[in-house]
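Computed from a predicted model, the values in this text were never measured in an experiment.
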Amino acid sequence: MNHRARLWGASEAADVLRPLARDADIVIASDDELALAADPSARTTADRVRSLLAGGHTREVAVKLGGEGAELHTPHGREHAPARRVTVRDTVGAGDAFTAGLLSGLLDGLGPRERLERANTVGAFAVGSAGDWEGLPERRELALLEREDGATVR
């Protein structure tokens, strides 16, 4: 999901996004975007996630929670990973970076928790630099956020 309210209203977006979400294997949305994809009678985040998992083809729902991290829901349960603590320079591209991290983890065969942690890490790289994509890491750079402040990297 990547709803832009300035481009189309919630009602119009929901009419298009709900059927798409039912056919998606993975739905990735911020907590406020879930209402656009889930059953309209679902009122809470938990109910919206349940409706997506029960309503069609969807097998995973990733919920971006900003500074609170993210959750990954499957029919087997829920994983939560806290956000990485970095100095925020620019939030443009953070959602796309999160999605890239989650999907690259899936392609690398990582489990749900590890994919979620990678997604949060790639998102942290994105917000830690100016621009949409300029700060995105390569796989070999993912561990750089594990280093202590001031550590030398050669």
Got a second to check how far [X]'s [atom1] is from [Y]'s [atom2], nearest 0.5 Å?
X	Y	atom1	atom2	value
Leu36	Trp8	CG	CH2	9.0 Å
Met1	Asp32	CE	CG	9.0 Å
Asp15	Glu12	CG	CD	8.0 Å
Arg78	Glu71	CZ	CD	4.0 Å
Ser41	Asp47	OG	CG	8.0 Å

Looking at every non-hydrogen atom in both residues, tell me the closest pair between [X] and [Y] and how far apart they are.
X	Y	value
Pro75	Arg59	CD-O, 3.2 Å
Ala126	Ala97	CB-CB, 3.5 Å
Val86	Leu145	CG1-CD2, 4.2 Å
Ala21	Leu52	CB-CD2, 3.9 Å
Arg18	Ala35	NH2-O, 2.9 Å
Ala14	Pro19	O-CD, 4.2 Å

Is there a donor-acceptor pair under 3.5 Å between the side chain of [X] and the backbone N or O of [Y]?
X	Y	answer
His80	Glu68	yes
Arg22	Ala37	no
Glu146	Ala143	no
Thr91	Val127	no
Asn120	Pro82	yes
Asp90	Gly131	yes

**Message:** What I want to find out is whether Arg118 reaches Glu114 closely enough, with some N-O distance under 4.0 Å, to be called a salt bridge.
**Reply:** no
**Message:** Whether Arg115 and Glu60 form a salt bridge (side-chain N of Lys/Arg under 4.0 Å from carboxylate O of Asp/Glu) is what I want to check.
**Reply:** yes
Residue pair [X] / [Y], side-chain heavy-atom distance below 4.5 Å:
X	Y	result
Ser30	His3	no
Arg48	Glu33	no
Pro137	Val122	yes
Asp96	Trp133	no
Val61	Leu34	yes

**Message:** Do Leu65 and Val88 land in one hydrophobic cluster if side-chain heavy atoms of ILVMFWY residues count as linked below 4.5 Å?
**Reply:** no
**Item:** Apart from Phe98 itself, residues in the same hydrophobic cluster as defined by side-chain heavy atoms under 4.5 Å
**Value:** Ile26, Ile28, Leu72, Leu102, Leu103, Leu106, Leu116
